[in-house]
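Just so it is clear: chains get the letters A, B, ... in the order the sequence lines come, proteins before strands, and each one is counted from 1. Just so it is clear, the model here is predicted, and its values are computed rather than measured.
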Amino acid sequence: MRWTHTLIPTLREAPAEAEIVSHQLLLRAGLVRKLAGGVYSFLPLGLRALHKVERIVREEMDRAGAVEVLLPALQPPEIWQQSGRYETARHVLYKVYDSARREWVLSPTAEEVITLLAAAEIQSYRQLPKNFYQISVKFRDEIRPRFGLMRAREFIMKDAYSFDVSDEAAQESYRRMYEAYTRIFARCGLRTFPVEADTGVIGGSLSHEFMVPAETGENEVAYCEGCGYAANVEKAVSAAPAAAPETSGGSTPAPEKFPTPGVQTIEDLTRPPYGIPAARQIKTLVYIVESRPVLVLLRGDDQLNEAKLAARLGTTVFRPATPEEVYATLGAHPGSLGAVATTLADRAVPVWADERLRGATDMTTGANEDGYHLRHVNVARDLRVDQWADLRTVRAGEPCARCGQPLRIRRAIEVGHVFKLGTKYSEKLGATFIDESGVRRPCVMGCYGIGVTRTLQAVIEQCHDADGIIWPVSVAPYEVCLTPLQVAEDSPVWRAAQQLYAALVEAGIEVILDDREERPGVKFKDADLVGFPFRVNIGEKSLARGEVEIKRRAGGLETVPVGQAADRVAMLVREARAGRGGTTGDSGRF
RNA sequence: CGGAGCGUAGCUCAGCUUGGUAGAGCACCAGCUUUGGGAGCUGGCCGUCGCAGGUUCAAAUCCUGUCGCUCCGACCA
């Protein structure tokens, strides 16, 4: 390809709209252009890199035994109602209307379609297992599109769905996908780490996310360097001490009401004249769960983890109560709330409490009377708790639940997610089969996603320097950039470049020839910005010595005789292709 | 959905406070010079100042509304 033939609109300066480096480089290198917030056009180079990622995904999915299909993006809302997700996923569903005013849903994912397909086409255990995948455009009405391709309204996802006869068989399908994902990201030149994950609105029993460590990531991962434990903080647990230590010595006196005028927060009570440490307070939250109030109790210095709460409640349809709703529920306003049995009286509100409160004594909590709190509260004796659960968010430094070493927390980008779904969808949508003994049973499912466009940007986020992108060979838009410093038809430099170009194309190398009439500095800067793994400089001076330069974007320069240049470059490219993709990934642990 | 900031040339931005009819750098076009890390000189092109309404003799500038973009938040009572 000649540079002037394609379109590579590089930018010297980063557009103001781009905050993070990978987003800036996507735009500066001329890979994508924004049409609207969270909606992007792929330009020729961006599309080539995207196709490379897709090809790796296809090869590994095929190798793992999945078969490719293509499912509709335009879906009838009825199937979403059938699965129950028309409601639970309503905030991400784009809805469109045809000329007959009929509603359609733009697919954010395809469990419904594929499960209905399996329901229609799979009848016998003899047809199982099956694993279907597709690579297609997905639509999500994101609350807040961000960071270019990272969180977009329209994006490309690889989604796969496995159907098995039993839980054990489904476990094997899950394992195969897990391994395929590990290979896919490694081949893309990414260092990724599988971490335990929450299953969210998708549902299911077991789940891992594949994370790329990055300060700009939207997820937090808790991990242990001692034993290798790693989990999304939405899911992570620790061995934090279960109860605050006793401060009053022996047995605690009965709860005592005391005035706390103006106190609104945990922090207010930690200050004089009260001086009550947050760890000795009980935080009382009121949530509206499917239109009914629920109390959630935590230690004052702990944070509620809504993902854990959702998992325990079995629904994502909940929100914090408004101050008016709080008053209607407890007869007091936020700041004076509590769950001491005597102050709840006959109020029929379920109380959930975090495990860390179990057995705590001499605690302070609101009295359900504005401007008053209770001290000397003994959790086991005084509180009315209906459900105990792990509801808190772990914090860095807490001991690992497995080995006791301190947990660390790092931000990361989620590029892949695997779920063991069980029979949630197959039961609702009728994906059943007849087993060996003639019994009809629901298929046991798994689903597996890779954000293909996000993966591409994650590669840039991880592989760049001050000059631009440093593409791993496996996903580079072109493997080699030929940079002749003269392009006059009759110049020896141009003739040598053309010969080298022809020889490399003949050798099956993906090469772009910078045939622009630009000064050397401009060509070098652009090639570095776009990030081609290899650049061959052909200049008058070195050519006069019969030599050209081969420069690696990742670092390294060698001079070779012009006659050997094609063979040498082809060899270097093949070596790089055979490697893991350009960066050396350490494996296994976060 | 709440909060904040920003919309002026393809890109980065100035001008707005104090109203007087639009600028710089880069990019682009032409010419000359230059030619190994984003060249120099000369000339040129490019704008309904996001949109709509209002105030005014006069609006990029002041007011109102609206749309868009970006960031923060949308657990911590």
- Item | Between B/G36 and B/U17 - C1' atom distance, rounded Å | 50 Å

- Of the nucleotides B/C71, B/A77, B/G38, which one has an atom closest to the side chain of A/Arg28? B/G38

- Query: Does B/C69 have a Watson-Crick or wobble mate here (both distances under 3.5 Å), and if so which one?
  - Reply: B/G5

- Query: Would A/Lys551 and A/Glu558 pass as an ion pair if we require N to O under 4.0 Å?
  - Reply: no

- Message: Check whether A/Phe258 forms a cation-pi arrangement with A/Arg375 (NZ or CZ under 6.0 Å from the six-membered ring centre, at most 45° off the ring normal).
- Response: yes

- Using the P atom on both, measure B/A22 against B/C13 and round to a whole Å. 24 Å

- Message: Using the C1' atom as the point on both nucleotides, what is the distance between B/U34 and B/U61, in whole Å?
- Response: 44 Å

- Using the P atom as the reference point in each nucleotide, state the distance between B/A58 and B/U21 in Å, no decimals. 15 Å

- Query: Is A/Arg411 paired with A/Glu215 through a side-chain N to carboxylate O contact shorter than 4.0 Å?
  - Reply: no

- Item | Shortest side-chain distance from A/Arg144, nucleotide among B/G73, B/A77, B/U35 | B/G73

- Query: Quick one: which of A/Thr284, A/Asp354, A/Ile266 gives a side chain to side chain contact (heavy atoms under 4.5 Å, CB included) with A/Leu298?
  - Reply: A/Asp354

- Task: Give a yes or no on whether a salt bridge exists between A/Arg545 and A/Glu547, defined as a side-chain N under 4.0 angstrom from a carboxylate O.
- Result: yes

- Query: Any idea which of B/A77, B/C75, B/C69 is nearest the A/Thr393 side chain?
  - Reply: B/C75

- When you compare B/A24 with B/C46, how far apart are their C1' atoms, in angstrom units rounded to a whole number? 14 Å

- Short side-chain N/O contact from A/Arg146 to OP1 or OP2 of B/C72, under 4.0 Å: yes

- Message: Can you identify which nucleotide, out of B/C75, B/A77, B/G37, has its nearest atom closest to the A/Glu306 side chain?
- Response: B/C75

- Message: Check this for me, if you would: do A/Lys138 and A/Glu154 make a salt bridge, where the nitrogen-to-carboxylate-oxygen distance has to be below 4.0 angstrom?
- Response: no

- Note on the structure: By nearest-heavy-atom nucleotide on RNA chain B, the more 5' of A/Leu337 and A/Gly37 is A/Gly37

- Query: Using atom P of each nucleotide, how far apart are B/C63 and B/G20 to the nearest Å?
  - Reply: 15 Å

- Between B/C75, B/C69, B/G36, which one does the side chain of A/Leu304 approach most closely? B/C75

- RNA chain B contacts among residues 2-16 of chain A, heavy-atom distance under 4.0 Å: A/Arg12, A/Glu13, A/Ala14, A/Pro15, A/Ala16

- Note on the structure: Checking A/Thr361, A/Thr364, A/Asp362 against A/His376 for side chain to side chain donor-acceptor pair (under 3.5 Å), the one that qualifies is A/Asp362

- Task: Side chain of A/Glu17 only, please: which of B/U34, B/U70, B/G36 is the nearest?
- Result: B/U70

- Under-4.0 Å side-chain N/O to phosphate OP1/OP2 contact, A/Lys525 with B/G37: no

- Do A/Arg392 and A/Asp390 sit within salt-bridge range, that is, some charged N less than 4.0 Å from a carboxylate O? no

- Item | Same-atom distance (C1') from B/G38 to B/G47, integer angstrom | 27 Å

- With rounding to whole Å, what would you report as the distance between B/A77 and B/A4 at their C1' atoms? 24 Å

- With a non-hydrogen cut-off below 4.0 angstrom, is A/Asn305 in contact with a base, only sugar-phosphate, or nothing? nothing

- Considering only B/G37, B/C72, B/C71, which nucleotide approaches the side chain of A/Phe524 most closely? B/G37

- Could you tell me the separation between the CZ atom of A/Arg519 and the P atom of B/U33, rounded to a whole number of Å? 14 Å

